[in-house]
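Below, read A as the first sequence line, B as the second, and so on, with proteins coming before strands; counting in each chain starts at 1.
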2 protein chains.
Amino acid sequence: MDEYVDLLKTNDLKITHHRLAILKYLDDHRTHPTAEEIYQHLKKTNPGLSRTTIYNNLETLSDSHIIQRLTICPTEHRYDFNIGMHHHFICKECGDIIDVDFQCPTVSSIKKHVADQGHRIEEVHGYFKGICKDCLEKKRREQSE
Amino acid sequence: MDEYVDLLKTNDLKITHHRLAILKYLDDHRTHPTAEEIYQHLKKTNPGLSRTTIYNNLETLSDSHIIQRLTICPTEHRYDFNIGMHHHFICKECGDIIDVDFQCPTVSSIKKHVADQGHRIEEVHGYFKGICKDCLEKKRREQSE
DNA sequence: TTATTAAATTGTAATGATTCCAATTTAATA
DNA sequence: TATTAAATTGGAATCATTACAATTTAATAA
């Protein structure tokens with residue numbers, strides 16, 4: 001838990017119960033949850049919790065680059081405790097977002113290309129859209145019935 | 001204009017005035033417009049046009065892969081006439097989306113890696129977030145005042 | 001420990017993109 | 001020209017997110 005305290009301190013953010021709880025939840029659930037999922041979970045042990053607090057803090061934590069906001073989902077934002085550069089796969093069927101554990105060696109040269117145009121890069125995102133393994137298998141089972 | 005007719009015919013979609021107008025607008029405006037921008041423009045020459053028609057057709061055209069929907073913007077969808085694989089740069093300041101003309105040679109091997117996990121890939125997206133050249137210059141000018 | 005203050009939290013209301021739906025119109029076909 | 005499935009329409013509904021003003025609290029200094 002001290003790890004989260006340090007993260008907040010380093011970024012000059014006040015240590016609040018909610019922030020620690022949000023960080024712990026995201027650290028424990030690497031499924032790229034939505035604000036609503038986080039809210040529903042934390043509300044159980046903290047009935048007075050406001051949805052706005054979740055939104056405020058997810059923004060604050062994202063702005064401080066303690067977590068990262070994924071905007072690859074068409075309907076809602078998703079949040080990731082892992083701020084290291086990594087790609088994602090998003091399933092059009094079930095909406096799951098899966099980490100792609102494959103470093104792209106070309107990124108640095110593309111970044112250089114973009115920077116050479118005069119733009120300042122702050123984030124790099126790569127993702128694939130399609131149908132995940134589980135949903136494909138479910139479909140196959142349904143068809144062979 | 002026949003080009004657009006062919007696109008629709010090939011995909012077994014009815015040839016309607018609105019669809020042709022949407023395709024022409026997207027072809028002429030490679031700025032990745034929003035549904036609202038397209039609606040506002042086409043309404044000028046077609047007052048009876050409904051916003052829902054724009055939404056319906058953008059979905060239909062995206063589903064048929066005649067155009068592509070970009071979901072990289074946190075607040076709204078953007079649409080691209082260019083369905084060829086290409087990356088984007090999105091400015092956090094002005095919201096502009098700029099094409100990145102740089103083919104990533106690594107894509108095929110990452111795709112293979114993801115496919116080997118059992119997932120089916122249908123779309124590939126890469127984008128950078130940051131501050132564009134124009135906004136950087138504007139900021140510099142403001143600071144030196 | 002206590003007082004101070006800027007920041008965090010709260011709940012409600014507002015926003016705004018998108019979708020839903022039922023009625024009407026139209027493009028494609030026979 | 002008649003038929004019909006698909007497209008269009010407009011208004012209502014949805015739902016994630018934001019705005020806001022009042023209240024509470026974490027951090028700091030006395």
Tell me which of B:Thr60 and A:Arg78 sits closer to the 5' end of DNA chain D, going by the nucleotide each one is nearest to. B:Thr60

Given atom CD1 of B:Ile15 and atom P of D:dA6, what is their separation to the nearest angstrom? 15 Å

Is there a side-chain contact between B:Met85 and B:Glu123 in this structure, where contact means two heavy atoms from C-beta onward sitting under 4.5 Å apart? no

Looking at B:Thr53, I'd like to know whether one of its side-chain N or O atoms comes within less than 4.0 Å of OP1 or OP2 on D:dT9. yes

Map B:Glu76 and B:Asn56 onto DNA chain C by nearest heavy atom, then report which one ends up closer to the 5' terminus. B:Glu76

Whole angstroms only, please: what is the NZ-P distance between B:Lys43 and D:dG10? 11 Å

For C:dA30, which nucleotide is its Watson-Crick or G-U wobble mate, given both distances must be under 3.5 Å? D:dT1

Specify the separation, in whole Å, of atom CZ of A:Arg51 and atom C1' of C:dA8. 19 Å

Are more than 12 heavy atoms, taken from residues, nucleotides or ligands other than A:Lys129, located less than 6.0 Å from that residue's NZ atom? yes

Find the distance B:Asp12:CG to C:dA27:P and express it as a whole number of Å. 18 Å

Is a donor-acceptor pair below 3.5 Å formed from side chain A:Thr52 to base D:dA19, judging by atom type as modelled? yes

Is any side-chain nitrogen or oxygen of B:His77 closer than 4.0 Å to OP1 or OP2 of C:dT18? yes

Whichever of B:Glu59 and A:Gly48 has its nearest DNA chain C nucleotide further upstream toward 5': A:Gly48

So, OP1 or OP2 of D:dT17: does either fall under 4.0 Å of a side-chain N or O from A:Tyr55? yes

Distance in angstrom units between B:Asn57 CG and C:dT18 P, rounded: 15 Å

Is the shortest side-chain heavy-atom distance between A:Leu61 and A:Leu8 below 4.5 Å? yes

Counting only Watson-Crick pairs (N1-N3 plus N6-O4 or O6-N4) and G-U wobbles (N1-O2, O6-N3), all under 3.5 Å, who is the partner of C:dA23? D:dT8

Under 4.0 angstrom, heavy atoms only, what part of the nucleic acid is B:Thr34 near: base, sugar-phosphate, or nothing? nothing

Got a donor-acceptor contact below 3.5 angstrom from the B:Asn82 side chain to the B:Gly84 backbone? yes

Nucleotide D:dT17, atom P - distance to CD1 of A:Ile54 in whole Å: 12 Å

Just do the salt bridge (Lys or Arg N to Asp or Glu O under 4.0 Å) check on B:Lys9 and B:Asp12 with the steps written out, would you? CA-CA 5 Å; B:Lys9 275 189 182 164; B:Asp12 288 319; over 6 Å; no

D:dT25 phosphate, OP1 or OP2: any side-chain N/O from A:His18 under 4.0 angstrom? no

Round to the nearest Å and state the distance from B:Leu42 atom CG to D:dT9 atom P. 11 Å

State whether B:Thr16 places a side-chain N or O below 4.0 Å from either non-bridging phosphate oxygen (OP1 or OP2) of D:dT8. yes

Would one find a side-chain N or O of B:Arg19 under 4.0 angstrom from OP1 or OP2 of D:dA7? yes

For A:Leu13 and D:dA27, what is the distance between atoms CG and C1' respectively, to the nearest whole Å? 13 Å

With a 3.5 Å distance limit and no angle check, can you tell me whether A:Ser144 reaches the backbone of A:Arg141 through a side-chain donor-acceptor pair? yes

